Amino acid sequence: MRSILSDSSLISQVEAIDKLSSILGSLKETEIELSSSLGKISSRDVFSPIDLPSFSRSTVDGYAVKSLCTPGKFSLKGKVNIGESPQMKVESCEDVVEVDTGSVIPEGADAVVKIEDTRSEDGKIIIPSKVDFGSNVGWIGSDLPSGIKVLRSDSLITPEIIGLLSALGLTKVHVYSTPKAFIVSTGNELVSPGEIIEEGKVYESNLYYLKSALIEDGMEVIGTRTVRDDYDAIKDAILKGVKTADLVVTTGGTSAGERDYVYRVVKEMGEMIFHGIRFKPGKPTFVGRINDIPIIGLPGNMVSTIMVYRKIVRPSLERKFKIKARERITVKAKSLLEIKADKKRFTYIPVLLFRKSSEYYALPLKFDSYMIGTFSMANGYIGLSEGSFVNEEDEVTVEVTNPPGDTTIVGEEDPAVPSTGIYYPLGSLPALKMLEKKVGDVLVLSSLVKVPDDFDLEIKREILSNGQGAEIGYDEWVSLSKYVKNPSVKLRYRSLIKRFIGKAKVIGPSSYVQSGNEVGTESLFVIAVTEMGKQLIKSFKVNKST
């Protein structure tokens with residue numbers, strides 16, 4: 001007997017997604033080996049347990065030296081190879097220690113001079129020119145400081161993320177267990193690809209599509225069945241899936257024909273959640289469950305199967321199971337800053353992506369080849385031919401490796417700003433550019449750069465000077481760079497100034513430099529750009545004025 005799906009009983013696409021999502025099972029968390037985590041979804045935030053790099057290192061092959069002793073004639077005290085712990089110190093103005101690129105800087109040295117910028121004479125090393133404090137040194141924590149969030153929960157674990165976590169010494173990661181799916185394809189007309197086809201028969205294709213689509217989307221397909229239009233055979237196949245999987249997907253047998261048994265099996269063995277959607281093609285789609293295992297019934301028509309999967313099944317899986325297909329995509333974006341390629345080499349530059357309506361904006365990041373953290377945490381990268389130049393507002397093509405998706409905070413660094421969402425403590429310059437374009441969610445702008453017309457919070461800090469000797473400053477993106485005109489070292493993060501206290505002259509906010517002479521004051525203005533940003537700021541545990 002035929003069953004008719006009346007138009008009045010059909011539900012919308014949105015309703016179908018809501019109903020399917022509501023009956024999908026809960027995700028289970030497990031801790032697995034990092035080496036087995038590719039393609040999994042992280043279930044917890046991960047914070048860096050160490051500074052990266054974890055020691056101050058040479059960025060060139062050369063000689064470690066006391067900068068105050070240059071220029072001059074020096075004795076070679078020894079060598080520190082890459083991977084070795086220094087067994088000697090640079091204790092006087094007469095000694096240098098040879099180092100490889102990546103070697104630990106020996107105690108007492110504060111700079112490295114390139115080998116090609118020296119010469120040998122009578123067994124001595126001649127350094128003919130003055131060497132600045134910090135020259136050719138990759139300082140501890142200059143890529144990522146300890147405690148920074150390097151992986152947020154619900155993120156796809158990619159090869160770049162695995163590389164980053166292993167560089168931090170981690171061997172395990174908490175992930176969601178991969179949901180299991182079972183596929184049942186029905187129809188007397190089906191013939192397996194490769195077999196001889198007779199008139200009235202068609203090659204099976206839905207099963208192959210569904211299996212590949214589910215795997216691509218992060219599901220594990222633990223079994224498949226192709227069965228004829230026979231009630232008992234269909235029942236046996238569906239019950240097999242119910243016993244072994246978290247989800248059963250069927251194709252065919254959902255319509256009003258006399259031999260469309262699939263929906264009847266589900267209705268008689270369990271319950272029907274809905275049958276029929278206002279969707280073309282794909283009207284006879286149903287969702288039911290048996291023993292709390294969801295059954296998704298897709299039409300036998302190939303186009304219907306594809307369209308319903310893309311528009312209803314996939315969004316439901318993404319919502320409940322947090323599955324994410326790893327797609328190689330590119331987007332066009334406007335650059336927020338000028339970008340220069342290396343004069344002699346094709347250059348890849350990591351960028352952060354921000355969306356505004358239908359447009360993307362790309363923020364190029366300060367980057368050196370050893371900065372695996374910066375590269376892995378970027379949303380993607382652009383490639384520029386040697387010697388090329390990108391103007392502000394020029395369009396660039398971004399290869400997306402880590403799609404943006406969480407609420408973002410960009411600007412100055414301060415412990416009063418929580419790490420809720422994604423916090424990029426890059427300084428005031430990018431925050432100012434983003435404020436001009438009204439992109440991002442929350443911006444943190446220093447009064448030393450600009451006092452905005454409107455803001456949501458003001459965080460006040462004293463600026464203190466501590467110590468003597470070589471001056472430690474900041475990258476020009478950071479507002480405090482205005483206090484040190486010719487720094488020996490430029491820090492990318494304010495928090496790293498703590499590591500130089502007692503070793504050099506430091507200038508920093510009272511939140512990081514606990515004692516010293518006051519040289520000024522600063523206000524950090526926290527600005528919500530979007531409604532999501534306003535909600536995020538409500539979680540900040542600071543007063544209107546701190």
Side-chain angles (χ1 to χ4, degrees), residues 29-59 82-86 100-105 137-176 324 326 348-352 365-381 401-406 408-410 413 415 417-426 475 489 491-500 512:
E29 185 187 49
T30 184
E31 187 179 36
I32 63 174
E33 295 294 329
L34 183 61
S35 58
S36 303
S37 66
L38 180 64
K40 305 290 187 181
I41 304 299
S42 60
S43 59
R44 301 185 186 183
D45 292 338
V46 177
F47 296 85
S48 175
I50 62 172
D51 295 306
L52 200 63
S54 57
F55 55 87
S56 296
R57 58 196 288 178
S58 175
T59 61
I82 188 169
E84 294 180 348
S85 178
D100 293 330
T101 301
S103 294
V104 179
I105 301 297
V137 177
W139 293 102
I140 180 173
S142 59
D143 184 9
L144 295 176
S146 63
I148 195 170
K149 187 189 297 183
V150 294
L151 177 65
R152 67 184 187 276
S153 62
D154 301 340
S155 295
L156 179 70
I157 297 181
T158 65
E160 292 82 5
I161 292 297
I162 291 174
L164 170 58
L165 297 185
S166 62
L168 297 174
L170 302 177
T171 61
K172 294 185 177 181
V173 63
H174 285 89
V175 300
Y176 293 112
K324 299 178 183 180
R326 181 76 190 270
Y348 289 107
I349 300 168
V351 301
L352 298 178
L365 296 175
K366 297 289 185 72
F367 178 69
D368 205 341
S369 58
Y370 69 89
M371 295 180 175
I372 180 62
T374 299
F375 187 81
S376 298
M377 294 179 68
N379 297 126
Y381 56 84
T401 57
N402 182 27
D406 208 346
T408 56
I409 305 171
V410 179
E413 183 183 23
V417 180
S419 60
T420 308
I422 308 178
Y423 186 15
Y424 298 110
L426 302 174
D475 180 90
V489 176
L491 303 179
R492 297 175 65 197
Y493 304 100
R494 289 176 172 221
S495 59
L496 292 176
I497 198 68
K498 296 182 293 185
R499 304 196 177 280
F500 292 86
Y512 295 121

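Quick caveat, the model's predicted, so the values are computed rather than measured.
- Side chain of N379 to main chain of N402: a donor-acceptor pair is present (N/O by atom type, distance under 3.5 Å, no hydrogens or angles).
- Here the side chains of L38 and P159 are in contact, with some heavy-atom distance below 4.5 Å.
- In this structure, CD1 on I32 lies 13.5 Å from OH on Y176, to the nearest 0.5 angstrom.
- Taking CG of L496 as the reference point, atom OG of S146 lies at 8.5 Å (rounded to 0.5 Å).
- With sequence neighbours excluded, the residues that form a salt bridge (Lys or Arg N to Asp or Glu O under 4.0 Å) with E29 are R44.
- Nearest heavy atoms, E413 versus Y423: CA-OH, 3.1 Å.
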**Q.** Candidate pair E33 and S35, rule side-chain hydrogen bond (donor to acceptor under 3.5 Å, both in side chains), full reasoning
**A.** CA-CA 5 Å; E33 295 294 329; S35 58; 5.2 Å; no

Q: Could you walk me through whether T401 and T158 pass side chain to side chain contact (heavy atoms under 4.5 Å, CB included), step by step?
A: CA-CA 8 Å; T401 57; T158 65; over 6 Å; no

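- Across every non-hydrogen atom of R499 and I140, the tightest pair is CD-CG2, 4.0 Å.
- Taking each heavy atom of I161 and V150 in turn, the nearest pair found is CD1-O, 4.4 Å.
- In this structure, the side chains of L426 and L365 come closer than 4.5 Å at one or more pairs of heavy atoms.
- Contact of the L164 side chain with the L52 side chain is registered, since non-hydrogen atoms from C-beta on lie closer than 4.5 Å.
- For the atom pair OG (S48) and CG (L168), the distance works out to 4.0 Å, reported to the nearest 0.5 Å.
- Pairing each heavy atom of D100 with each of I82, the nearest pair is OD2-N, 3.5 Å.
- Judged as a ring pair (Phe, Tyr, Trp, His ring centres under 6.0 Å), and not counting sequence neighbours, F55 has no contacts.
- Taking the side chain as every heavy atom from C-beta outward, P404 and L352 never approach each other to under 4.5 Å.
- In this structure, S43 contributes its side chain and H174 its backbone to a donor-acceptor pair below 3.5 Å.
- Here the closest heavy-atom approach between residue Y493 and residue S142 is recorded as CE1-O, 4.0 Å.
- Taking CD1 of I409 as the reference point, atom OH of Y424 lies at 11.0 Å (rounded to 0.5 Å).
- The distance from atom CG of L151 to atom CG of D45, rounded to the nearest 0.5 Å, is 7.5 Å.
- Listed here is the closest heavy atom pair of D143 and R492: O-NH1, 4.0 Å.
- Summarising the geometry, atom OG1 belonging to T374 is positioned 5.5 Å from atom CG belonging to L144; distances are rounded to the nearest 0.5 Å.
- For the salt bridge (Lys or Arg N to Asp or Glu O under 4.0 Å) test, no residue two or more places apart in sequence or in another chain qualifies with K498.
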